[in-house]
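Let me begin by presenting the structure, written as structure tokens, before commenting on it.
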Amino acid sequence: MSVPVSPPPRRNPVARTGMPALLSAQRSRATHGLTAAAAQGLFCLQVCSDCGTRQYPPREACSHCLSAKLPFRDVDRAGVVVVDTTIRIAGEIYFRERTPWRIGTVQLDCGPIVIAHLHGDVSQGSRIRMELLTDKAGAPAMFAMPAVNTPAMQDDRQYREFTCDPKFRRVLVTDGRTEIGQALVRALSDAGARKVFVGIANPWKPFAGKQSLARAENVECVQLDVTDTASVVECAAQIGARVDILVNTTEHIRLGGLMDQTGIGIAREALELRSLGLMRLAQSFGPIMRARGADGVDSACAFVNLLAAHALMNWPSYGASSAAEAAALSMSQCLRSELRHGGIRVVNMFVGPLETEWYQNAPPPKVSPATLARAVVQALCSGQEDCFVGEVARDLRARLAANPKALERELGAA
Amino acid sequence: MTDLLEFAAAIAAGTIRVVDLTQTLTPEFPVLALPPEFGQCAPFRMETVSRYDARGPAWYWNNISLNEHTGTHFDAPIHWISGRDLPANAVDTIPVQNFVAPAVVIDCAAQSAADADFLLTITDIQDWEATHGRIPARSWCLLRTDWSRRDAVDYANLRDDGAHTPGPAPEAVRFLVEQRDVLGFGTETIGTDAGQAHLFNPPFPAHFYMHGRGRYGLQCLTNLDQLPAVGAVIFAAPLKIRGGSGSPLRVIALVPGT
Ligand SMILES: [Zn+2]
């Protein structure tokens, strides 16, 4: 059984913080089929369209029939550990710092034999459930979990290297004025976060839920307005070194396209808040987080963006907002490449219309703030980096993959 | 003929005091709160262009952005629908001599401390005149409430039913314009009108009557406690924005020394 993770000891304030060491992230194009699956928490392998062989590792041709038709498809995760090995002397710096490290050879029920990182509760002969995760450098990795859940499974030392579990970590929720922000505060506290900092812009403006935020244990309101550079700089100076997970909960959703709005005022506010706001957070908090990517149990680990799913394809009913979300999405992709050097994961949560006032007239199904908040925690705990929450977001993702032009027309007709 | 050099010498010698009635422009300073579906008043923002760095090795400067009505600011008649068709109603066309004028200060700090919804009435004005004399024509009438001394939360003083801040009663505004021919009305609060003035008839009377008669507004003033009831002269010149409805500005009062 896993040893439950302990709260981190108080740091020696004059001790050096080690630099995050990374594994090589160079992978073949074929292997990025695994990256794509891992990013979404799926378990996919190449499945030969001609002979049905399930293949690992990914290659350009089928090892059985040489076919080049090798789409990645969901396959059965079950398997058995054939051999387990403990690495005591490692070549790569990342593993040298983490030995002993357990890996094993796993026979998957669906065919291939894979080398996987082993959860502490599995050993030779164990039935396992394989997970496809991304390591701190963003490369896909196989991780063998117990087939049946075990106590404190989530706390396994090796598994925690692949996840961004909020347990004992300190979180910044950038906007606590909204229902979404407050739902995140609750969900992260419930997930064991040691501290939740909550950004409040314009503290002179009252907002619903202020009292319960102020009363909540381990929750601290901080002044933060992501549209104000000075405010973000000041906030990072105050608490930046204590932010292990940043969840950007700012939102700016308004009905209206381009021509049916008068002027650009509302769109500018959206861009200021959503895309330039993200950039301000990246500039002030990013470098501090990146330097703390290997800082113990509560190392910095994740920068989470809540994005409207229509960042992926413009929804003209919310046209200007969609554009601002798209700009934020693009920035998040840049940030992902920048933060990866510190082992910090950028997690993008794509969500369709929410049960919030700005989506009042959007047709159901809609996602409640609490559901979105739970999905964020789930994504962090399971190591995902792209998460599609709710039917609308998942449907949009599927239609985008199938035919982007059709999706553009369909959203434009609605 | 006034001797301007004598005037300058008096300022240099301090026999005429110069008082700054302006709030510092900061990103945190409250602005008018409107329902979020309306267009919003942009707060003050500052982005550094360069600061002796790669962006400009030997110089420091900033790009700033703000609304015409952010911080200590001037309201031109065109700001309100009642003043939209008047001649010379925008900040670039107002005659410049109107930017230098005497000011009277009606001290309602005690009443405002006791009641955040305090309204200045005609009776209050007449009581003030009984002590200080009739308000001279073409003067600014400034309402001292000491509101500028409050922290941001108490300054905006927002509750579920809106802002609770002092201001003038509708009939008092009409009296000042029609009976006393004031140049404009100035306050320490975010607007020239009271926080609950949306409920008045007409709504926002200081805006409606003042601007409807070509008069001006000054808001977010500070240091009114350093002015005499009568005898100060203020310089309040807005930026020359083409067609502008108002402007942030530096408001300076000249006060005779004692
Ligand atoms: Zn094949």
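Below, read A as the first sequence line, B as the second, and so on, with proteins coming before strands; counting in each chain starts at 1.
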>> Please classify the contact of A:Arg254 with chain B as side chain, backbone, both or neither, using a heavy-atom distance under 4.5 Å.
In response: side chain

> Given that the side chain runs from C-beta out, which part of A:Glu269 has a heavy atom under 4.5 Å from chain B: side chain, backbone, both or neither?
Replying inline: side chain

>> For A:Arg177 and A:Asp175: C-alpha separation, side-chain torsions, deciding distance, then whether salt bridge (charged side-chain N to carboxylate O under 4.0 Å, His left out) applies.
In response: CA-CA 6 Å; A:Arg177 300 183 68 96; A:Asp175 182 5; 5.3 Å; no

> Where on B:Glu28 is there a heavy atom nearer than 4.5 Å to chain A: the side chain, the backbone, both, or neither?
Replying inline: both

> So, A:Arg280 versus A:Thr229: side-chain donor-acceptor pair below 3.5 Å or not?
Replying inline: yes

>> Using heavy-atom distances under 4.5 Å, tell me whether A:Thr227 contacts chain B through its side chain, its backbone, both, or neither.
In response: both

> Can a salt bridge be assigned to the pair B:Arg159 and B:Asp161 using a cut-off of 4.0 Å between side-chain N and carboxylate O?
Replying inline: no

>> Tell me whether the rings of B:His79 and B:His69 are parallel (<30°), tilted (30 to 60°) or perpendicular (>60°).
In response: parallel

> Where on B:Pro36 is there a heavy atom nearer than 4.5 Å to chain A: the side chain, the backbone, both, or neither?
Replying inline: both

> Can B:Asn157 and B:His164 be said to form a side-chain hydrogen bond (donor to acceptor under 3.5 Å, both in side chains), step by step?
Replying inline: CA-CA 6 Å; B:Asn157 210 28; B:His164 291 269; 6.0 Å; no

> Using non-hydrogen atoms only, which part of A:Glu272 is less than 4.5 Å away from chain B: side chain, backbone, both, or neither?
Replying inline: neither

>> Counting only non-hydrogen atoms closer than 4.5 Å, does A:Asn202 touch chain B with its backbone (N, CA, C, O), its side chain (CB onward), both, or neither?
In response: neither

>> Below 30° counts as parallel, above 60° as perpendicular, anything between as tilted: where do the rings of A:Trp315 and A:Tyr359 land?
In response: parallel

